[in-house]
2 protein chains.
Amino acid sequence: MNKKTDLRIVRTKQSIRKAFYELIQEKGYEAITIQDIADRAMINRNTFYLHYQNKPDLLDICMNELLSELKDAVVLCPISMNPFSISMLETVMQAVLEHISLNITFYHSMLIEENRIYQFQAKMETIVKDKLIEGWNPAQGNSTLAISKELLLEYLGSSFMGIVIWWIKNNKPLPADEVSYQFSRIVAYGHLRAAGIAVEDEKK
Amino acid sequence: MNKKTDLRIVRTKQSIRKAFYELIQEKGYEAITIQDIADRAMINRNTFYLHYQNKPDLLDICMNELLSELKDAVVLCPISMNPFSISMLETVMQAVLEHISLNITFYHSMLIEENRIYQFQAKMETIVKDKLIEGWNPAQGNSTLAISKELLLEYLGSSFMGIVIWWIKNNKPLPADEVSYQFSRIVAYGHLRAAGIAVEDEKK
DNA sequence: TAAATAATGAACAATATGTTGTTTATTTAT
DNA sequence: ATAAATAAACAACATATTGTTCATTATTTA
């Protein structure tokens with residue numbers, strides 16, 4: 001029962017994906033029609049419906065395909081028992097940036113400019129957050145913390161994604177390891193100290 | 001030449017806006033049709049086109065109306081000459097959260113869940129960033145900074161917005177001043193120190 | 001070579017958009 | 001109070017897109 005998938009299916013699906021990614025970059029997800037995709041992929045419009053339910057369905061499948069790879073890359077990073085530790089932040093950031101580098105066009109389509117697809121960003125952020133709380137021990141912190149754990153996690157997730165998007169949008173202005181280092185440093189030691197600026201007195 | 005606007009126009013526009021905000025919350029921006037708006041506002045579909053070009057036009061006008069108020073609130077915050085100073089971060093955050101509190105339904109429609117409108121978040125982030133760099137003196141930092149200024153700004157903007165959205169989404173889990181204090185503290189002193197956790201050694 | 005199945009092409013109903021007239025109702029100015 | 005101006009309603013239209021159905025053609029697998 002080792003049934004190979006028909007080559008026609010593979011070929012058609014591939015050209016649909018390719019056309020879709022191109023069109024997202026050119027005119028943005030919302031503006032794309034099925035006919036656009038069919039034209040670009042050089043298939044009949046009906047054939048599209050043979051493989052995908054509709055446009056959101058296609059989007060979802062494409063996103064999950066990309067993000068499962070990202071997740072694999074992130075999962076490999078060693079867990080630190082020190083919650084939200086510096087080294088872990090740095091390692092995860094670097095893993096993410098390196099993975100993105102390998103699929104830069106895709107990520108560009110999904111995350112940059114008007115044409116960005118918000119859903120994708122949200123899914124990425126979830127992956128990052130899940131990783132960050134992996135080593136978190138609830139008994140350890142909650143009682144003594146002056147800072148809300150949820151607030152902290154949200155803060156880490158959103159700043160992480162902000163840096164990632166900035167990095168892609170500006171065409172990798174710094175090497176991945178440099179960004180990872182600076183980011184983890186700012187987050188851990190504070191932006192003033194990290195930037196070498198005298199810190200104000202904390203309340204008189 | 002003190003020409004008052006026709007009362008009919010005011011009334012019609014008002015009910016269109018109201019209907020629009022309600023519908024965004026109910027089914028999300030993309031799913032709304034002009035007919036939906038017309039039905040809800042109890043006007044003829046044609047009348048819509050008498051006042052707005054199309055759906056994106058309406059959205060844009062609504063967003064700018066809200067955000068100009070936000071901008072006014074933020075502009076009032078005192079500028080600190082210490083770039084990205086703690087007190088300024090805290091003040092701006094508080095101003096933003098208080099303004100949002102007064103228009104919580106609108107902001108909820110725009111920023112939360114599937115129905116969120118990404119454009120709106122981007123515009124808000126721009127307002128915040130513009131404020132943060134207001135007191136920035138380019139001669140002061142750039143040369144000596146170990147941290148990229150652009151990276152730092154992006155970091156501040158995205159984490160700021162992350163906290164704001166988290167706060168709205170979770171139905172104001174903390175009072176505005178508490179959030180502002182915690183946020184500025186984390187950003188300034190680093191998340192580990194702010195959370196009262198021993199800081200790892202910075203490189204051996 | 002035959003059976004299975006992917007892809008095509010044409011047609012269809014349903015829905016939404018944006019526009020153009022004409023008519024009715026309301027407001028503003030005389 | 002009445003007339004002129006104009007907002008709103010109503011109907012009709014061309015256009016575009018979606019998702020589906022069905023018969024036909026082409027390609028692949030057995």
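Residue numbers begin at 1 in each chain, while the letters A, B, ... track the order of the sequences. From a predicted model like this one, the values you see are computed outputs, not experimental measurements.
Contact of the K13(A) side chain with the T5(A) side chain is not registered, since no non-hydrogen atoms from C-beta on lie closer than 4.5 Å. Side-chain contact between T33(A) and K55(A): absent, with no pair of heavy atoms (C-beta onward) separated by less than 4.5 Å.
Rounded to an integer number of Å, the gap from CD of Q35(B) to P of dT17(C) is 9 Å. At whole-Å resolution of the value, CD in Q53(A) and C1' in dT20(D) are 13 Å apart. In this entry the distance linking CD of E30(A) with P of dT18(D) reads 11 Å, nearest Å. Taking atom CG on L58(B) and atom P on dT17(C), their separation rounds to 12 Å, with Å as the unit. Atom NZ of K55(A) and atom P of dT18(D) are 7 Å apart (whole Å). Rounded to a whole Å, the OH atom of Y49(A) is 18 Å from the P atom of dC22(D). Note: CZ (F48(A)) to C1' (dT18(D)) measures 11 Å, nearest angstrom. Computed from coordinates, the Y52(A) OH to dT18(D) C1' distance equals 19 Å when rounded to whole Å.
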Encode nucleotides 6-14 of chain C as B, S and - characters from 5' to 3', where the letter depends on protein heavy atoms closer than 4.0 Å: B to the base, S only to sugar-phosphate, - to neither.
-> BBBBBB---

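Looking only at distances, no side-chain donor or acceptor of K123(A) sits under 3.5 Å from a matching main-chain atom of L67(A).
The aromatic rings of Y118(B) and Y118(A) lie parallel to each other, with less than 30° between the two planes, well short of the 60° mark.
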Intermediate values then yes/no, side chain to side chain contact (heavy atoms under 4.5 Å, CB included), L102(A) and E69(A) = CA-CA 11 Å; L102(A) 299 176; E69(A) 284 181 38; over 6 Å; no

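dT20(C) is paired with dA11(D) under the criterion used here, namely a Watson-Crick or G-U wobble arrangement in which both key atom distances are under 3.5 Å.
Listed by chain and residue number, nothing satisfies the side-chain hydrogen bond (donor to acceptor under 3.5 Å, both in side chains) test with Q119(B) (two or more places apart in sequence, or in another chain).
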